[in-house]
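Structure record follows, encoded as structure tokens.
Side chains are part of it too, since the values below use all heavy atoms of this structure and drop only hydrogens, waters and symmetry mates.
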Amino acid sequence: MPHLGQIALIVRDYDEALAFFVGKLSFTRVDDIPLADAPKRWVTIRPPGAGADAAMLLLARAAAPEQVAAIGNQAGGRVFLFLHTDDFDRDFAAFTASGVRFVEAPRREPYGIVAVFEDLYGNRWDLIEPA
């Protein structure tokens, strides 16, 4: 059956993106493979605790002006990615302590507890504990 394998996230620099996602959000680095088109790399990450078959983020370094222009605005200012958690309070506290910028306070919705944060480039994410 088809399933999502990777979702490309355009980044300015591999290492600064890894510092944010691995260092602040505790994502796991899955691959970091140099490619023939140096300095291009195949860099994939996944949220902590995600299974081996879970979709990953492919960190894609911008290589053209239109790609540079999309950094931090891949969804036109809307929430772009949705990070599910089994313990909202734990992860909200950990992310806040590590310097992650939340742009909306936590709130309860019919679908769960949610707060919006921005990644290092300004892409908006929902942190959600599903109901």
Does some side-chain heavy atom of Tyr14 sit less than 4.5 Å from a side-chain heavy atom of Arg61? yes

Heavy-atom closest pair (Arg90 atom, Asp86 atom, distance to 0.1 Å) is NH2-OD1, 2.8 Å

Parallel, tilted or perpendicular, judged at 30° and 60°: which one describes the rings of Phe117 and Phe95? perpendicular

Which heavy-atom pair separates Leu9 from Asp119 by the least distance, and what is that distance? CD2-OD2, 4.2 Å

Within the supplied structure, the quantity of interest is the number of heavy atoms (other residues, nucleotides, ligands) at a distance under 6.0 Å from Arg29 CZ; does it exceed 12? no

Keeping the roles fixed (side chain from Thr44, backbone from Asp31), state whether a donor-acceptor pair exists under 3.5 Å. yes

Heavy-atom check, side chain of Val79 versus side chain of Val116, under 4.5 Å: yes

Across all chains, not counting sequence neighbours, the ring pair (Phe, Tyr, Trp, His ring centres under 6.0 Å) partners of Phe88 are Phe92

Does Arg46 pair with Asp53 as a salt bridge, N-O distance under 4.0 Å? no

Write out all pairs satisfying ring-ring contact (aromatic ring centres under 6.0 Å, His included) with one or both partners inside residues 26-74, taking only residues at least two apart or from two chains. Phe21-Phe27

Which heavy-atom pair separates Pro130 from His84 by the least distance, and what is that distance? CG-ND1, 3.4 Å

Do Leu83 and Pro47 make a side-chain contact, defined as non-hydrogen atoms from C-beta onward lying under 4.5 Å apart? yes

Pairwise distance CG(Leu81) to CD(Gln74) - rounded to 0.5 angstrom: 8.0 Å

When you check the side-chain N and O atoms of Glu16 and Tyr121, is any donor under 3.5 Å from an acceptor? yes

hydrophobic_cluster_shared for Leu25 and Val22, side chain cutoff 4.5 Å: yes

Closest heavy-atom pair, Asp87 versus Thr85, reported as atoms and distance to 0.1 Å, is N-OG1, 3.0 Å

With a cut-off of 6.0 Å (strictly less than), are more than 12 heavy atoms of other residues, nucleotides or ligands near CZ of Arg107? yes

Between Leu59 and Leu18, is any pair of side-chain heavy atoms under 4.5 Å apart? yes

For a quick test of reading the model, state the closest non-hydrogen atom pair linking Arg41 to Pro34 and the distance between them. CG-CA, 4.1 Å

